[in-house]
Amino acid sequence: MNDATDRAPAGEAWPFQEARKILARLARRPKKEVFFETGYGPSGLPHIGTFGEVQRVSMVRQAFRDLAPEIATRLVAFSDDMDGLRKVPGNIPNQAMVAQHLGKPLTSIPDPFGKYESFGHHNNAMLRDFLDRFGIEYEFRSATDQYKRGVFDATLLKVLERHDEIAAVVLPTLGAERKETYSPILPISPKSGRVLQVPLVERKVDAGTVVFRDEDGTLTEVPVTGGHVKMQWKCDWAMRWAAFDVDFEMSGKDLIDSVKLSSQIVRVLGGEPPIAPIVELFLDEKGEKISKSRGNGLTIEEWLKYASTESLGMFMFHAPQRAKKLYFDVIPKNFDDYLGQLAAYREQDANARKQNPVWFIHQGKPPAEDVPVTFGLLLNLVAAANTDDPKVLWGFVSRYAPNATPEANPILDSMVGYAIRYYLDFVLPDKKHRAPTDLERAALEDLVKTLAALPAGADAEAIQNQVYEVGKRHGFTSLRDWFKAMYETLFGQSAGPRMGSFIALYGVPETIALVRRALAGELVGEAV
RNA sequence: GGGCGCGUAGCUCAGUGGUAGAGCGGCAGACUUUUAAUCUGUAGGUCCCGGGUUCGAACCCCGGCGCGCUCACCA
């Protein structure tokens, strides 16, 4: 139907390669709309892997829209909020209350935070807030809602009908103990509300019901439709694939076996598995898996504190099938890679642009801003300039890029903000002001007088000369020591900016005040 | 045990069949009447090993070696 599937140029960006697989799937199963799914477990808050998955899927969607603009697409963020709670998370309030509801669907447990209709609703809200921050276009669906509204009913009845075939697929993968009680259908107790992992006593295909022993031992019959049962999770996944006819869903390497199993199950249900690429996991600095509970690696909040969403997108774009270390040092590199690609984009033709990461990151519409300095340079600059004031930092930036302004260069302006946060968190804590020696004290007092005597509007060069003269007058063996003394007593660092430029930007009266504070001993021990 | 990934400069890594690269670090220099920054130049590789395919292989195939992750209970 579409010869696009036949031309997959070597070296083409991976989202296009995935999109072509979707086109091939469509050729086998023609339909009007393509369904992209990302799934979310109920436990825990969104993390960097969550973001990576949804952003990467968006990139494939972007490529697909380019290949087949006539076909509608839908990206569904699906929350498995009907899952029974197994253990109480350690990071929530009201643990005792939640503990009373173990085994129940998350949407049947009161919100321990007291804000939402249920714990599940709370987690869903967190997830949506999270996704909304990135401007990613998606549609949210709740498992509880979909089960109850009967969206899955037809497929659930098919599961009931083909129960034994599904069990035959799953059983060989289970341990001996679990085999005894296994059923892909988990009834929800009408009495306790808990999701039960119990053997089914009877399956009534015609009636669409199952019979099981409830927790109190009484034989109970419930329909498989309308949210009275929940599917065991691998089957749940497969059932969803079948019910929605999902075309594309990515997953981490830890789910390789689950993808295989669910693919088999979806075939039993008469469906076809989606294109389901496996991506590698994120590793920390030492090459170990990033885990929320261990708190290693980098969180998404940390990344976004020091760099932009787009730079994170750059990280996510590159080689998803490769394990990547995610720790602080990779941020500047990805930021600068992003800026480099953004600059290159403007010079590229239409074909080259579609291989450029920024085309995917910005959904085909990257900004046109010219960013004259790199993030790496800014990080150096902010440490050298020794300031947390954006105006001062901008002053230094202007020396490199005379025409840049915060208004005309919003990306650069945001970089200034990120650099300052970096300064506050990494540079400032290491600052240690020391008291001046007698020699230095005399020179600093001289500096105050000299600066005060300067004509109004003295430029950086003139100030620099005067600072230098002060050093000469006070017999430093090397003038290097004089400047070093100023950095150590005024800034708490052994290195600093060119003094003339700094004073011109920072202000002569302000500098005098700073020196006086150093002389009075007010800076010693500050900002540790 | 199964699966997946990785192995390229001192470090971190790009590089999917066509002259081995970048950043950082090193060294030398320029500029700045300090430093940092900036700029220029430069050194540094058995592309893990062995075979194969090819006119041509870091890249594709086969076989090794090494490192790491992951699954096997639950989701």
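Quick caveat: nothing in here was measured; it's all calculated off a predicted structure. Every heavy atom of this structure was used, including side-chain atoms; hydrogens, water molecules and symmetry mates were not. Naming: A, B, ... by sequence-line order, numbering from 1 per chain.
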TODO: For A/Phe16, check ring-ring contact (aromatic ring centres under 6.0 Å, His included) against everything at least two apart and list the hits.
DONE: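 With sequence neighbours excluded, A/Phe16 shows a ring-ring contact (aromatic ring centres under 6.0 Å, His included) to A/Trp359, A/Phe360, given in chain and number order.
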Open item on the list: Restricting to ring-ring contact (aromatic ring centres under 6.0 Å, His included), what partner residues turn up for A/Phe335, sequence neighbours left out?
Closed with: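 ring-ring contact (aromatic ring centres under 6.0 Å, His included) list for A/Phe335, sorted by chain: A/Phe375.
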Please give, in whole Å, the distance from [N] [atom2] to [X] [atom1]?
| X | N | atom1 | atom2 | result |
| --- | --- | --- | --- | --- |
| A/Leu255 | B/C74 | CG | C1' | 12 Å |
| A/Phe16 | B/U16 | CZ | C1' | 18 Å |
| A/Asn334 | B/A14 | CG | C1' | 12 Å |
| A/Ile278 | B/C4 | CD1 | P | 10 Å |
| A/Trp482 | B/U35 | CH2 | P | 16 Å |
| A/Arg178 | B/A72 | CZ | P | 13 Å |
| A/Asp257 | B/C73 | CG | P | 10 Å |

TODO: Would you check if there is a donor-acceptor pair between the side chains of A/His163 and A/Ser183 at a distance under 3.5 Å?
DONE: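 Yes - a donor-acceptor pair under 3.5 Å links their side chains.
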TODO: Can you tell me, in whole Å, how much space there is between the P of B/U12 and that of B/G29?
DONE: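 Here B/U12 and B/G29 have their P atoms 30 Å from each other.
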Open item on the list: For the P atoms, the ones on B/C47 and on B/A57, what distance do you get once it is rounded to whole angstrom?
Closed with: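 B/C47 and B/A57 have their P atoms separated by 13 Å.
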TODO: Taking only the side-chain nitrogens and oxygens of A/Gln197, find out if one of them lies under 4.0 Å from OP1 or OP2 of B/A75.
DONE: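 True: A/Gln197 side-chain N/O within range (under 4.0 Å) of B/A75 OP1/OP2.
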Task: salt bridge (Lys or Arg N to Asp or Glu O under 4.0 Å) contacts in which one or both residues fall within residues 255-269 of chain A, not counting sequence neighbours - done: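 Listed once each, the pairs would be none.
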Open item on the list: Using the salt bridge (charged side-chain N to carboxylate O under 4.0 Å, His left out) criterion, which residues pair with A/Glu37? Sequence neighbours excluded.
Closed with: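 Residues passing salt bridge (charged side-chain N to carboxylate O under 4.0 Å, His left out) with A/Glu37: A/Arg240.
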Task: With A/Arg56 via salt bridge (charged side-chain N to carboxylate O under 4.0 Å, His left out) - residues at least two apart - done: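 A/Arg56: no salt bridge (charged side-chain N to carboxylate O under 4.0 Å, His left out) contacts found.
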Atom pairs, protein N/O to nucleotides 5-7 of chain B N/O, distance under 3.5 Å:
residue	atom	partner	partner atom	Å
B/G5	O4'	A/Glu280	OE2	3.1
B/G7	OP1	A/Arg322	NH2	3.4

Open item on the list: Side chain of A/Asp254, heavy atoms from C-beta onward: which of B/C13, B/A14, B/C71 has the nearest atom to it?
Closed with: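 That would be B/C71.
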